[in-house]
Amino acid sequence: MASSPKVKRTTKPRDGAQNLLRSQKDAYARLLNQHQNGKFRSYLQELAKQQVEESMSTSVSRQMADASICLYTDKTSYQVTCTEDQGIMELHKATAPKKVPSKLQHKRNEKDIKMSSNLVGSEEGDSQQLSCSCGEEQAKNKSKKKRLKGNLAKKDEAECGPEVDLIIAGKSPNKNIKSPQTQASKESLPQNNKDKGTKGGRGSRKQLFEQYMCTEDVSAGLERGELLKGVLRINPKKYMEAFVPSPDGSADIFLDGIAARNRALNGDVVVVKVLPPEQWKAVSGDINERTLANQMVPKAPDVIVEAHYNEDDEVIGKMKNVSLHDKALVTTQSVIHGSAFNISGSSSERAMQRTGKVVFIFEQKHSRAASGFLKFLPNKNFAMFSPVDHRIPRVNLPLADCPADFVSRPGDYENTLFICRITHWPADNNFAEGRLAKTLGQAGEIEPETEGIMTEYDVDFSEFSEEVLNCLPQDLPWSIPAHELSRRRDLRKECVFTIDPATARDLDDALSCKQLSDGNFEVGVHIADVSYFVEEGSVLDQIAGKRATSVYLVQKVIPMLPRLLCEELCSLNPLTDRLTFSVIWKLSPEGKILSEWFGRTVICSCIKMSYDHAQSMIEAPDKHFSAEELPPCSPNHRIHEIQEAILDLHNIAKQLRAQRFEGGALQLNQLKLSFTLDKESSMPQGCYVYQYQDSNKLVEEFMLLANMAAAHQIYRTFPELAILRRHPPPQSKMVDDLQEFCDQMGLDIDFNSSGGLHRSLNENLGKDEYAAARREVLTHMCSRAMQMASYFCTGALKDENSFHHYALNVPLYTHFTSPIRRYVDVIVHRLLAASLNCGPPLSLSIEEVHKLASHCNDRKTASKRVQELSSELFFAVFVKECGPLDSEAMVVGVLDQSFDVLVLRYGVQKRIYCNSLEGLKAVHFRKVGKRPEMTLVWEQGDPSKESTQQEISIFTLLDVQLKADGAPMKYSAVLKRPSAFVEDILYSPVKSSPLV
């Protein structure tokens, strides 16, 4: 650095001391407000008057000129000046006057850190400067320091930003770590946050994070119930806030700040120690109490049936606390998902949320890889990596890893995406250490962005090694050996066919149906026999188990198996003999199972149909289809025969479906966006909401039936080794609160059972043209209350009642029908073969199956998220290339200064901020009972005319426009100013009220 930042003020010392006192009071007020300690409320009221007068930027203006501060502010725009990183922020001895005693500096640090921690991670903080008194001001009130220190000692951290998290000076949570007050600086630098910039070596650094507990203490603490274990979730938009689910199903444990996370990353399995009750978070029900706004608890939406969630939603996953907005209030009296709808109770309603800190990382689930940008640091032998995902810390990496001309031409790489892998995160450093892994390309382009997404979620998209490929059949073209045919039931003359998406290449399921002489039907589900080609324990088996699932992106598929298998030898391609594992039933026309047979078979599919082909046959049962209207068909089977089979399957499927839902099943389908791509460039040319048709339902019913049959077969034979899939019910407290909200909204929704919920969602939302939209909004709300389905080993879960699948309402369920793309299905096939004496016994132990199930859960969740991010990426490109896009939208949540909408034409959800609406004169938020409402007051071009008012509440229909933002891959939703016609729609009782 050319010069050290100046910290002297231009005001008189007396004025400086007065400003310092105000700063101290502000920090103290924020601390007390955060904890809502009753005995300090009167003190808070007095300080509230002073807060309005205070300017928080007094001491920051000069310091912001320092180049080192830019390392923090460019990522988050938070102006923080009191923290510096190892080797990056070297300060000269003249940075702060030596005459300031370290104790006074330490006291100021406590205040400064607390002030900054209350602003970072919030949108309000974007416009505020954090005042860090690191100069000549003298603190005079020792008793106030004592009180502050007593409160802060129990709270282990406060942060200045994603890279600026400091442990509170004065009392280390680790007894082995000396108080920073007692640490002497070998460089004679002030003992404040700037200690981290010294060159005195590790010994001169402050301990920013606690040392992890030893495994023996962790095990003992977990056994005694003093410690809790769970998956860490970090809010993607408020990265200072993280949560760990409580094992007893109560409200999540809140981890306040980066130091509380103790270097754990999103998705890691962590061990948490709950802090004392006086350090818990107070949550109030008054929306106007903005002092609590930045302390609320948004949680990652992790409770959908099959792990579907949208990171753009600033939401609470388990609906214990409701995030209104950064400027609004959340109440634990409500269970509504912050992005779906928001409730706040009276100001007298208060609840405490437990807080905690990470004491041990049980398992690093996060890949420790991130995409982001390089930053050049003058006069340093390393560069800084700034991740796109703010939940990941910034990383110091060697200049040797950077491009050769990076030092001389850093500007050339400002828009270049890189991949960095974290190798270490020292306990005394806000920044992690890592190595640059790869240059991706220009930000905003589909392929570099896609590769970054896959790398971050640890998707293995590398080519299969020669060792793996050597496990495949080498003599091509391959044909089924004669001895294998002799051991299988031969179904090659049967009318067997596939129904898949038109672009599918990995065809792993086929159907057959023929009517018997007694009027019943023989129905078969035939699944590719992948386990025949993937020998247990082989290198191929190991890589398939590691990948665990194929990953479906918008423009391509990352396969679990080599393409020779998944697209050729295992794929049930038409007019080709293929090895299969089949379940064949004798069914009555009403769908009653009369008999069941499992076994290994060989088939020859007579035709590859798409869902649209099958749908056309269902919709026109009397039509005679010509060969030109369908794909190539086997000459051994007439088109009419195939059509009759599809119609019979459709009729039986309707019976099975009706029986499932009458028996209490629940289906929460959410809108899915699909794209049409340019064949050459793979750029999106169009997009549409995927339509779920009767042909989809036909295939679904028989796949469900086959999966349930396989579950019973393997569990009956191997009660300790079976790998099944369970879906726990939503937690009762959440459901009760959701029921309360729906009652307030006038919605007749039955949450007593999965079946009751399904019926009410499909029957009680009206019959008008927007009933489907209201159903989508409510489905979104209900999905947030659900827990995730997961694989498990029956021997590791002793209570058989916990095997139950809530959504399907069946006692046993597994995955059997997609072994080409799911490794769990391969294991199920092996168990089936062993149970039928047509295959060797499974060589895995209960513990190995349990670990395998856990791994498959992780990879399935990651795959789902990558798929969603791919869709979001393509839609952002589509908006940029083809926008602006107009659509109707329905309100799904109302906050105090913004509201969330479901864009009906495209099935995406976006937040509309009132302060971004041109011509908006005023915003009036209110609550009617627990129903949030908002009035928008629009200016008129003619001053003589009255302002136009527009009412906003949940289920209100609006006109919006989607348009690209300046940043890559970003777009926003803008509310169209209402016209007289639009107002008629908005205020129509049928279309704007919840249900009239």
Side-chain angles (χ1 to χ4, degrees), residues 494-504 507 509-515 519 521-526 572 574 587-591 605-634 637-662 665 667 669-676 686-706 758 761-763 765 767-773 775-776 779 817 904-907:
E494 301 292 332
C495 181
V496 179
F497 48 85
T498 60
I499 304 176
D500 288 282
T503 57
L507 314 180
D509 59 86
L511 294 167
S512 63
C513 180
K514 65 180 180 181
Q515 190 166 17
F521 294 88
E522 183 182 272
V523 176
V525 171
H526 315 281
L572 306 183
L587 299 176
S588 70
E590 295 76 30
S605 172
C606 62
I607 189 171
K608 174 192 174 184
M609 285 194 295
S610 69
Y611 284 115
D612 289 337
H613 292 137
Q615 186 65 27
S616 63
M617 291 182 173
I618 293 171
E619 293 176 350
D622 298 327
K623 178 180 177 179
H624 295 282
F625 288 84
S626 64
E628 290 75 19
E629 296 176 273
L630 298 172
C633 180
S634 168
H637 300 281
R638 296 177 294 111
I639 292 177
H640 178 70
E641 180 185 2
I642 297 170
Q643 183 179 10
E644 284 296 320
I646 288 177
L647 292 175
D648 289 337
L649 287 173
H650 171 60
N651 291 329
I652 298 173
K654 287 194 298 183
Q655 297 288 337
L656 293 173
R657 190 176 184 84
Q659 292 170 22
R660 277 203 307 115
F661 291 122
E662 287 173 5
Q667 187 147 15
N669 286 330
Q670 296 189 343
L671 298 179
K672 177 184 176 182
L673 194 60
S674 296
F675 298 86
T676 55
C687 63
Y688 57 93
V689 174
Y690 185 80
Q691 297 298 314
Y692 194 69
Q693 305 178 98
D694 286 337
S695 56
N696 300 84
K697 298 174 183 177
L698 181 160
V699 175
E700 179 189 37
E701 287 306 316
F702 290 105
M703 297 304 111
L704 289 173
L705 195 64
H758 180 85
L761 286 176
N762 287 275
E763 297 174 3
L765 295 177
K767 301 296 183 182
D768 61 279
E769 60 181 311
Y770 292 101
R775 185 179 302 111
E776 292 297 334
T779 295
T817 55
L904 301 181
R905 183 176 178 185
Y906 301 105

Visitor: Between R775 and N762, is any pair of side-chain heavy atoms under 4.5 Å apart?
Guide: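 They are in contact (side-chain heavy atoms under 4.5 Å apart), so the answer is yes.
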Visitor: Is any side-chain heavy atom of K514 closer than 4.5 Å to one of C495?
Guide: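 Not in contact.
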Visitor: Taking the side chain as everything from C-beta on, heavy atoms only, tell me whether M703 gets closer than 4.5 Å to L511.
Guide: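 Contact flag for M703/L511 side chains = yes.
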Visitor: Okay, side chain of S695, backbone of Y611: is any donor-acceptor separation there less than 3.5 Å?
Guide: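 Yes, because the side chain of S695 sits within donor-acceptor range (under 3.5 Å) of the backbone of Y611.
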Visitor: Going from SG on C513 to CD1 on I646, what distance comes out if it is rounded to the nearest 0.5 angstrom?
Guide: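 Between C513 SG and I646 CD1, I get 10.0 Å after rounding to 0.5 Å.
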Visitor: Heavy-atom distance under 4.5 Å between the side chains of M617 and L630, does that happen here?
Guide: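 Result yes, sub-4.5 Å side-chain heavy-atom pair found.
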Visitor: State the CD1-NE2 distance between I642 and H637, to the nearest 0.5 angstrom.
Guide: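 Nearest 0.5 Å value for the CD1-NE2 distance: 7.5 Å.
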Visitor: For D648, is there any backbone N or O sitting under 3.5 Å from a side-chain donor or acceptor partner on N651?
Guide: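 No; judged by distance alone, with no hydrogens or angles, the pair does not exist.
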Visitor: Ignoring hydrogens and angles, tell me if any N or O in the side chain of Q643 forms a donor-acceptor pair with the backbone of K623 under 3.5 Å.
Guide: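 Yes: the side chain of Q643 pairs with the backbone of K623.
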Visitor: Tell me if a side-chain donor or acceptor on Q659 pairs with a main-chain N or O of E590 at a distance below 3.5 Å.
Guide: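 Here the side-chain-to-backbone pair exists.
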Visitor: For P631 versus I607, what's the shortest heavy-atom pair and its separation?
Guide: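 Between these two residues, the closest heavy atoms are O-CD1, 3.7 Å.
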Visitor: Are V689 and L904 side-chain neighbours, meaning at least one heavy-atom pair lies under 4.5 Å?
Guide: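 Counting from C-beta outward, V689 and L904 never come under 4.5 Å.
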Visitor: Is there a side chain to side chain donor-acceptor pair (under 3.5 Å) between Q615 and Q691 once you walk through the steps?
Guide: CA-CA 11 Å; Q615 186 65 27; Q691 297 298 314; over 6 Å; no
Visitor: Would you indicate whether the side-chain heavy atoms of F702 and T817 approach each other to under 4.5 Å?
Guide: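 The answer is no, as the side chains (C-beta and beyond) never meet within the 4.5 Å cut-off.
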Visitor: If we only count heavy atoms from C-beta on, is the Q667 to K697 side-chain gap below 4.5 Å?
Guide: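 No - every pair of side-chain heavy atoms lies 4.5 Å or more apart.
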Visitor: Please report the shortest heavy-atom distance between Y906 and L673, naming the atom on each side.
Guide: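 For Y906 and L673, the tightest heavy-atom pair comes out as O-CD1, 3.1 Å.
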Visitor: Can you list the steps and then say if E700 with R657 is a side chain to side chain contact (heavy atoms under 4.5 Å, CB included)?
Guide: CA-CA 9 Å; E700 179 189 37; R657 190 176 184 84; 3.1 Å; yes
Visitor: Would you give the length of the straight line joining atom CG of N696 to atom CG of D612, rounded to the nearest 0.5 angstrom?
Guide: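 Output value for this atom pair is 8.5 Å.
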Visitor: Are any of the side-chain heavy atoms of P574 and S634 separated by less than 4.5 Å?
Guide: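 Not touching, per the 4.5 Å side-chain cut-off.
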Visitor: Which heavy-atom pair separates N669 from T779 by the least distance, and what is that distance?
Guide: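 Closest pair (atom of N669, atom of T779, distance): O-CG2, 3.7 Å.
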Visitor: Considering all heavy atoms of both residues, which atom of L647 and which atom of I618 are nearest to each other, and what is their separation?
Guide: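 The pair with the smallest heavy-atom distance is CD2-CA, 3.9 Å.
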Visitor: What is the distance from atom CG of D500 to atom CE of M609, rounded to the nearest 0.5 Å?
Guide: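 Here the rounded value is 10.0 Å.
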Visitor: Report the C-alpha distance between D509 and V699 in whole Å, list the side-chain angles of each, state the deciding distance to 0.1 Å, and finish with yes or no for side chain to side chain contact (heavy atoms under 4.5 Å, CB included).
Guide: CA-CA 9 Å; D509 59 86; V699 175; 4.3 Å; yes
Visitor: Kindly compute the distance separating CD (Q693) from OG (S616), expressed to the nearest 0.5 Å.
Guide: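 Q693 CD to S616 OG: 9.5 Å, rounded to 0.5 Å.
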Visitor: Under the side chain to side chain donor-acceptor pair (under 3.5 Å) criterion, do H613 and S610 qualify, and how do the steps go?
Guide: CA-CA 5 Å; H613 292 137; S610 69; 3.1 Å; yes
Visitor: Mind listing the closest non-hydrogen atom pair of L671 and G907 along with its distance?
Guide: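 Smallest interatomic distance, heavy atoms only, reads CD1-CA, 3.5 Å.
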Visitor: What heavy-atom pair brings I652 and P589 nearest, and what distance separates the two atoms?
Guide: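 Minimum heavy-atom separation between I652 and P589: CG1-O, 4.3 Å.
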Visitor: Should the ring pair H640 and H624 be called parallel, tilted or perpendicular, given that the plane angle runs from 0 to 90° and is split at 30 and 60?
Guide: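 Tilted: the ring planes of H640 and H624 meet at 30° to 60°.
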Visitor: Hey, could you give me the CZ/OG distance between F521 and S588, rounded to the nearest 0.5 Å?
Guide: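 It comes to 9.5 Å.
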